[in-house]
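Along the sequence shown, the residues carry numbers beginning at 1.
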Amino acid sequence: MRVDPLFSELVKTLQTEQRQAEQWANELLDISDYVAIKQIKRIAQKETEG
């Protein structure tokens, strides 16, 4: 069976975009973790001060 070159190119593009999307998702998760940790530290600091 011969694979259409256009189809083959489409698959490559989709795989690349999927990897990029996964990378962005991981970065967003990292950012939300960072923000959550900062908020927890701020709350803890308020409790020790007050």
Side-chain angles (χ1 to χ4, degrees):
M1 187 181 121
R2 204 177 135 274
V3 178
D4 188 329
L6 188 63
F7 179 75
S8 166
E9 194 61 36
L10 177 65
V11 169
K12 276 189 212 160
T13 303
L14 287 173
Q15 286 172 338
T16 303
E17 287 183 4
Q18 184 183 2
R19 275 196 297 271
Q20 208 167 20
E22 286 170 359
Q23 198 175 346
W24 287 336
N26 286 334
E27 286 172 13
L28 284 174
L29 287 173
D30 287 347
I31 290 168
S32 64
D33 282 352
Y34 174 72
V35 170
I37 290 166
K38 273 179 58 173
Q39 285 178 330
I40 291 166
K41 284 183 179 174
R42 199 178 306 133
I43 292 166
Q45 198 173 22
K46 280 183 185 173
E47 287 180 4
T48 55
E49 288 172 358

Which atom pairs, donor and acceptor, lie under 3.5 Å between side-chain atoms of residues 10-25 and protein residues at least two apart or in another chain?
unit_1 : atom_1 : unit_2 : atom_2 : d
T13    : OG1    : E9     : O      : 3.0
T16    : OG1    : K12    : O      : 2.9
Q18    : NE2    : E22    : OE2    : 3.4

Using a 3.5 Å cut-off and no angle test, enumerate the donor-acceptor pairs between side-chain atoms of residues 43-50 and protein atoms at least two apart in sequence or in another chain.
unit_1 : atom_1 : unit_2 : atom_2 : d
T48    : OG1    : A44    : O      : 3.4
T48    : OG1    : Q45    : O      : 2.8

Only distances under 3.5 Å count here; give the side-chain donor-acceptor pairs of residues 31-40 to other protein atoms, sequence neighbours excluded, each with its distance to 0.1 Å.
unit_1 : atom_1 : unit_2 : atom_2 : d
S32    : OG     : L28    : O      : 3.4
S32    : OG     : L29    : O      : 2.9

